[in-house]
Amino acid sequence: MSVFKNVIVYRIEPAWSQTLAEAEEALAKARFEPCGPSQEKSAGWVEPRGEANGPLVESIDGQWLVEYMIESKAVPGSVVRRKLDERCAQIEATTGRKPGKKEKKELKEDITLELLPMAFTRSARVAVWIDKAENRLVINSGNAARADEVVTSLVKSLDGFAVALINTQVEPAAAMANWLLTQEPPAGFTIDRECELKASDDSKAVVRYAKHPLDIEEVQKHITDGKRPTRLALTWDDRVSFELTHGMLIRKIVFLEGTGDGAAGGKKEDNFDADVAIATGELGQLVPALLDALGGEAAFTGAPADAAAPKPVAEAPTTTTPADAEAEEEDAPF
């Protein structure tokens, strides 16, 4: 069950009403093309099933699945610097002058372009789930820059598409602190054996517990002394284990024994359908339960108090992801 591992959840503007066929046509205009010989990066939409020329939007039990592909090339900086030093030394030997700052910059760009055709490529695939019935967007990533890029591409590709991060009435850190202090998690949830506590003062002290009971006075003392939970491992309904962060990321998702019955075996395409159905079915229940545990959704900042949905990000966003989203790249196979 590797469809979703770390997810960021958004609320889709309810007015968006494109059909499956319209979304397919729109995404086809931004279909992924591999990097050219001198191209550093390429990104676009690919077939979720991995079948060439297949649909870019898969609908399984009414849930839409799309996939974003990012390919990049990188020339090692040490190689570029060595080549640059050689070029500069050659210019100095033949002309008697040292290249200036501007010329060095141009030489560096030329060297990079020359080496790009020989550079290895790196690729990442990001699974995206669009739940039209619930106006919910789920991106399989804990990487802030990557999730922003996917959201930006969706906003550009799909007519009228706009999203906002889901916000809750109770701050996750405050809720997690209360659960640890009282040892009374919300109904349907249990506290597992991992958490991270971080001081809010200048010390920035961090305490991490791994595979350790959390119903101890030591944990309670850290919280009463001012440390705030930044991550807490939980299990929902004995079906899904995960880690909740203070920025509302849902990380390290594991579908527990019993949730995947019937998903194994059979044809590859059958496994794909089963995995997607199970993952979206379980997360489709977990997310609302988690939102309820955090006091329900709050109106997005700037929206009227009685707004039915948070204020959408109508244009290409600059920061649509939680503050604690990982800066490091992470593989997110689908």
Side-chain angles (χ1 to χ4, degrees), residues 6 8 27 29-46 67-126 128 139-157 162-165 198-206 230 245-247 249 313-333:
N6 308 295
I8 301 172
L27 295 186
K29 297 175 183 177
R31 186 182 287 270
F32 172 77
E33 294 289 343
C35 285
S38 59
Q39 189 177 0
E40 290 188 73
K41 180 179 177 180
S42 180
W45 301 100
V46 295
E67 187 164 308
Y68 195 70
M69 179 84 161
I70 304 168
E71 186 176 85
S72 61
K73 290 182 180 181
V75 178
S78 58
V79 176
V80 174
R81 287 192 294 270
R82 177 168 57 81
K83 292 285 186 182
L84 179 61
D85 291 341
E86 292 174 358
R87 296 277 177 91
C88 290
Q90 185 179 15
I91 291 171
E92 186 174 3
T94 55
T95 65
R97 65 174 181 82
K98 292 184 177 181
K101 188 175 181 180
K102 181 179 178 181
E103 187 176 0
K104 280 186 175 181
K105 181 180 178 182
E106 293 173 348
L107 286 170
K108 185 177 180 181
E109 291 173 351
D110 291 341
I111 291 167
T112 301
L113 285 174
E114 291 171 9
L115 295 176
L116 272 175
M118 297 178 284
F120 289 106
T121 59
R122 295 184 61 188
S123 62
R125 301 167 75 96
V126 184
V128 179
I139 295 181
N140 183 39
S141 180
N143 179 300
R146 185 175 295 174
D148 270 351
E149 182 176 350
V150 174
V151 169
T152 298
S153 186
L154 283 169
V155 170
K156 288 180 177 179
S157 297
V163 300
L165 276 170
K198 186 175 293 186
S200 55
D201 57 24
D202 292 338
S203 71
K204 304 299 182 186
V206 177
T230 55
T245 76
H246 67 287
L249 288 174
V313 178
E315 298 179 355
T318 53
T319 50
T320 61
T321 48
D324 62 339
E326 297 292 340
E328 296 296 326
E329 288 193 354
E330 60 185 40
D331 292 328

>> Please determine whether side-chain contact (heavy atoms from CB on, under 4.5 Å) holds for the pair Lys83 and Leu107, giving the CA-CA distance in whole Å, both sets of side-chain angles, and the decisive distance to 0.1 Å.
In response: CA-CA 9 Å; Lys83 292 285 186 182; Leu107 286 170; over 6 Å; no
> Could you walk me through whether Ile70 and Arg146 pass the side-chain contact (heavy atoms from CB on, under 4.5 Å) check?
Replying inline: CA-CA 9 Å; Ile70 304 168; Arg146 185 175 295 174; 3.9 Å; yes
>> Quick one, Asn140 with Val128, criterion side-chain contact (heavy atoms from CB on, under 4.5 Å). Give me CA distance, side-chain angles, the key distance, then yes/no.
In response: CA-CA 6 Å; Asn140 183 39; Val128 179; over 6 Å; no
> What do the steps show when you test Lys105 against Lys101 for side-chain contact (heavy atoms from CB on, under 4.5 Å), and what is the final call?
Replying inline: CA-CA 6 Å; Lys105 181 180 178 182; Lys101 188 175 181 180; over 6 Å; no
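Counting non-hydrogen atoms of neighbouring residues, nucleotides and ligands closer than 6.0 angstrom, the CD atom of Glu40 reaches no more than 12 such neighbours.
One distance of note links CD of Glu67 with CG of Leu27; it measures 12.5 Å at 0.5 Å rounding. Rounding to the nearest 0.5 Å gives a distance of 7.5 Å between OG of Ser141 and CG of Asn6. Distance check, rounded to the nearest 0.5 Å: SG of Cys88 to CD of Glu103 gives 7.5 Å.
Listed by chain and number, the residues in a side-chain contact (heavy atoms from CB on, under 4.5 Å) with Ser153 are Trp45, Tyr68, Ser157 (sequence neighbours excluded). Residues passing the salt bridge (charged side-chain N to carboxylate O under 4.0 Å, His left out) test with Lys41 are Glu149, sequence neighbours excluded. Scanning for side-chain contact (heavy atoms from CB on, under 4.5 Å) contacts around Lys98 gives Glu92, with sequence neighbours left out. Checked against side-chain hydrogen bond (donor to acceptor under 3.5 Å, both in side chains), Arg81 has no partners two or more places apart in sequence or in another chain. Residues passing the side-chain hydrogen bond (donor to acceptor under 3.5 Å, both in side chains) test with Glu109: none are found, sequence neighbours excluded. Residues satisfying the salt bridge (charged side-chain N to carboxylate O under 4.0 Å, His left out) criterion with Arg82, sequence neighbours excluded, are Glu86. Listed by chain and residue number, Asp201 satisfy the side-chain hydrogen bond (donor to acceptor under 3.5 Å, both in side chains) test with Ser203 (two or more places apart in sequence, or in another chain). In terms of the side-chain hydrogen bond (donor to acceptor under 3.5 Å, both in side chains) criterion, Asp202 has no residue partners (sequence neighbours excluded). The salt bridge (charged side-chain N to carboxylate O under 4.0 Å, His left out) check on Glu33 picks up nothing, with sequence neighbours excluded. Shown here are the side-chain contact (heavy atoms from CB on, under 4.5 Å) partners of Ala89, two or more places apart in sequence or in another chain: there are none. Taking Thr121 as the reference, Glu71, Lys73 meet the side-chain contact (heavy atoms from CB on, under 4.5 Å) condition, with sequence neighbours excluded.
Here the side chains of Ile139 and Val151 are in contact, with some heavy-atom distance below 4.5 Å.
Taking all atoms of both residues into account, the shortest heavy-atom contact from Leu84 to Lys104 is CD1-O, 3.8 Å.
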